[in-house]
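Only one structure is covered here, and it is reproduced in the block below.
So you know, we letter chains A, B, ... as the sequences are listed, proteins then strands, and number each from 1. Keep in mind the model is a prediction, meaning the values are calculated, not measured.
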Amino acid sequence: MRSQIQTLLGTALDRLVERGRLPETARQIPQVMRSQNPAHGDFSSNLALALAKAARTQPRALAQELLEALPEAPFLEKVEIAGPGFLNFFLTSDAHRVWIPQILAQGPNFGRSQIGAGKRVQVEFVSANPTGPLHVGHGRGAAYGAAVSNLLEAVGFQVHREYYVNDAGRQMDILTTSIWLRYLELCGETLRFPSNGYRGDYVWDIAANLHREHGDAYRQPAETLFAGVPEDAPTEEERDAQGNPLADAPQGDKEAHIDALIGRAKDLLGDHRYRLIFELGLNTILDDIRMDLAQFGVEYDQWFSERSLAERGLIYRAIERLREAGYAYDRAGALWFRASAFGDEKDRVLVRENGQTTYFASDIAYHMDKLERGFDRVIDIWGADHHGYVPRIKAALRALGDDPDRLSVSLVQFAILYRGGERVPMSTRAGEFVTLRQLRQEVGRDAARYFYVMRRAEQHLDFDLDLAKSQSNDNPVYYVQYAHARICSVLRQASDRGLSVEPSEGDQHLDLLREPQEVDLIKCLGRYPEVLEAAALQEEPHQLTHYLRDLANAFHSYYNAHPFLVDDEKLRDGRIKLILATRQVLRNALNLLGVSAPEQM
RNA sequence: GCCCUCGUAGCUCAGCAGGAUAGAGCGAUCGCCUCCUAAGCGAUAGGUCACAGGUUCGAAUCCUGUCGAGGGCGCCA
């Protein structure tokens with residue numbers, strides 16, 4: 001509808017240009033927007049204000065000329081000049097009502113479009129290290145990434161959802177060593193668990209599995225293992241309230257300590273047995289993450305292994321390409337990428353002094369591969385703590401000769417949980433973090449998915465657990481779902497009374513819908529395709545949650561003001577059509593957000 | 001120190017490719033169930049859009065600076 005008005009205005013503009021009233025440069029796609037205020041009609045345009053200077057006249061006078069040059073259109077009730085020179089367009093009530101048969105005919109497809117047709121988009125999200133269960137911070141990335149993917153798909157893009165599995169690197173070695181140490185404790189060894197190890201209960205569980213399967217086959221005396229290992233740093237428990245180490249606490253370096261333990265573990269276990277524990281840890285945790293996300297309604301097309309990059313020689317190839325392009329150089333025994341040549345703060349290491357490639361090198365190779373796979377757009381959804389990482393990855397893409405604008409990075413801010421008005425503590429200290437699974441169990445999947453995307457991604461999110469659980473109108477999820485359930489309930493009642501809920505053909509009886517609440521609701525339904533398009537193209541699912549609130553409100557107001565199951569068959573038919581259409585749009589929008597549309601509440 | 005994000009009603013937030021009188025929800029106050037789920041509806045009150053400049057017909061929106069909040073600045077991942 002908006003584009004049709006744009007076309008009309010464009011024609012008027014062309015006419016004025018042809019008459020020499022306006023210069024050639026004035027030709028443009030006119031800005032047409034939804035009016036905020038109903039007194040200003042359905043749509044308005046500021047075209048006359050924008051061009052008044054070029055026309056060397058007053059905005060209102062130019063608006064008058066545009067108005068006279070405007071072609072006739074059957075869907076327009078009237079066009080007014082208002083304020084400083086706005087053109088306000090009022091649609092006929094018929095123009096609004098045509099949405100209802102369209103919604104009923106298109107069903108689940110209503111609102112979808114083909115704007116992105118033929119374009120492939122990759123969305124990479126969550127990608128948490130497989131070293132422990134997902135926590136509530138990952139949950140927001142999951143809900144946001146899944147919603148953005150669904151939105152893009154709904155407007156026609158071919159979407160590829162991907163999870164980057166960090167199954168290489170030091171964190172996995174720390175996990176492997178942690179599992180083995182817990183296993184040794186289960187064998188009866190006494191040892192001091194490293195401050196930098198993974199201390200969660202799940203590590204005990206994996207170790208217990210290992211012990212159940214293999215008995216003491218992997219046992220080594222703790223004294224042998226710790227012999228010659230540099231001293232650890234104090235753990236949290238070994239510090240006082242001010243964070244100062246207690247008297248008997250170790251005073252070493254936790255990094256050197258854990259690295260030495262990893263080295264000892266590899267030597268003592270041998271390559272084969274070390275790999276076995278490594279794989280056991282990786283697979284156990286990855287399976288858990290997969291299941292967790294699946295239960296959260298988040299599915300992926302691909303789980304991309306970081307290790308596969310090295311196996312396919314992609315890291316080597318990326319480094320060679322950088323070297324050939326002259327952006328890699330040796331210094332102090334390491335290989336560096338000249339990121340500073342592309343606006344990054346400083347140069348970055350690709351290959352460490354010890355010969356190992358960095359995470360950054362893997363990531364360059366990964367992004368190189370993403371672009372080579374031919375996606376028109378690549379979207380990375382990262383936690384906000386990674387924002388410093390964006391310039392260097394873009395710098396690398398530019399150095400490789402790729403177009404860095406094909407990659408866009410969305411940074412999702414943290415979610416802060418509140419319970420009883422108090423902030424829920426979430427220190428990274430082992431055992432204290434709240435997992436995504438715990439959150440789902442506490443508030444349910446629907447509330448979690450909805451709350452996570454209710455705010456703009458780059459905005460800090462206050463997640464009120466009590467509100468998410470409350471079954472009242474304070475809770476936006478229930479408010480919207482209740483609208484859906486209410487419609488279902490009305491239809492059930494109709495059947496119980498022997499009334500037909502099968503709507504008549506086409507636009508019959510819709511002209512009877514003239515109550516103000518009916519008009520508001522119909523207008524709201526008609527906005528859905530525009531809202532969906534904007535939410536998708538701007539990657540902002542929260543626009544959809546705001547719309548859903550409006551739509552549910554329009555429906556609840558209608559419900560309170562007028563009965564639907566009236567004796568007059570024609571009026572009843574019209575009203576049932578309207579609420580059927582409302583139910584459809586509620587379903588379509590909730591579905592994109594991964595929230596259910598219950599028939600009963 | 002440098003960089004990023006953000007300061008809008010008592011609270012939580014929309015609005016930000018400039019547009020008309022700045023909007024919701026919660027909370028507060030007052031109303032509405034012989035009637036399709038009151039998990040609902042209606043009404044009222046509540047704002048120097050952090051502050052100061054600038055750009056222009058017009059600024060919550062763009063630019064600069066100040067103040068304040070959170071985050072990031074490893075041969076970690």
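- In this structure, the ring-ring contact (aromatic ring centres under 6.0 Å, His included) partners of His542(A), at least two apart in sequence or on a different chain, are His546(A).
- Geometrically, Arg549(A) engages Tyr479(A) in a cation-pi contact defined by less than 6.0 Å to the ring centre and at most 45° from the axis.
- Taken residue by residue, residues 162-177 of chain A places heavy atoms nearer than 4.0 Å to RNA chain B at Ala168(A), Arg170(A), Gln171(A).
- Residue-to-nucleotide contacts include no donor-acceptor pair under 3.5 Å from the side chain of Asp550(A) to the base of A14(B).
- Every residue two or more places apart in sequence or in another chain that forms a side-chain hydrogen bond (donor to acceptor under 3.5 Å, both in side chains) with Gln543(A) is listed here: Gln538(A), Glu540(A).
- Every residue meeting the side-chain hydrogen bond (donor to acceptor under 3.5 Å, both in side chains) condition with Gln584(A), not counting sequence neighbours, appears here in chain and number order: Asn588(A).
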Exercise. Could you spell out the base pairing of RNA chain B in dot-bracket, with Watson-Crick or G-U pairs whose two distances are under 3.5 Å, [ ] crossing and | to another strand?
Worked result: (((((((..((((.....[...)))).(((((.......))))).....(((((..]....))))))))))))....
Using nucleotides 55-63 of chain B, report all nitrogen or oxygen pairs with the protein that are shorter than 3.5 Å.
from, atom 1, to, atom 2, distance (Å)
C57(B), OP1, Lys53(A), NZ, 2.4

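- Taking only side-chain nitrogens and oxygens, Arg34(A) never comes nearer than 4.0 Å to OP1 or OP2 of G15(B).
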Polar atom pairs between nucleotides 29-32 of chain B and protein, under 3.5 Å, N or O only, would you list them?
none

Hey, can you pull the donor-acceptor pairs under 3.5 Å for the side chains in residues 358-366 of chain A, sequence neighbours left out?
from, atom 1, to, atom 2, distance (Å)
Thr358(A), OG1, Val349(A), O, 3.0
Thr358(A), OG1, Leu350(A), O, 3.3
Thr358(A), OG1, Phe360(A), N, 3.4
Thr358(A), OG1, Ala361(A), N, 3.2
Ser362(A), OG, Glu306(A), OE2, 3.2
Asp363(A), OD2, Tyr389(A), OH, 3.4
Tyr366(A), OH, Glu162(A), OE2, 2.7

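- Tyr558(A) pairs by the ring-ring contact (aromatic ring centres under 6.0 Å, His included) definition with Phe564(A), not counting sequence neighbours.
- Of the side-chain N and O atoms in Tyr478(A), none sit less than 4.0 angstrom from OP1 or OP2 of U37(B).
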I'd like a list of close polar pairs between nucleotides 10-13 of chain B and the protein, N/O only, cut-off under 3.5 Å.
from, atom 1, to, atom 2, distance (Å)
U12(B), O3', Asp462(A), OD2, 3.2
U12(B), O2', Arg455(A), NH2, 3.1
C13(B), OP1, His460(A), O, 3.3
C13(B), OP1, Asp462(A), OD2, 3.4
C13(B), O2', Arg455(A), NH1, 2.7

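- Checked against side-chain hydrogen bond (donor to acceptor under 3.5 Å, both in side chains), Ser127(A) has the following partners two or more places apart in sequence or in another chain: Glu124(A).
- Arg419(A) pairs by the side-chain hydrogen bond (donor to acceptor under 3.5 Å, both in side chains) definition with Glu442(A), not counting sequence neighbours.
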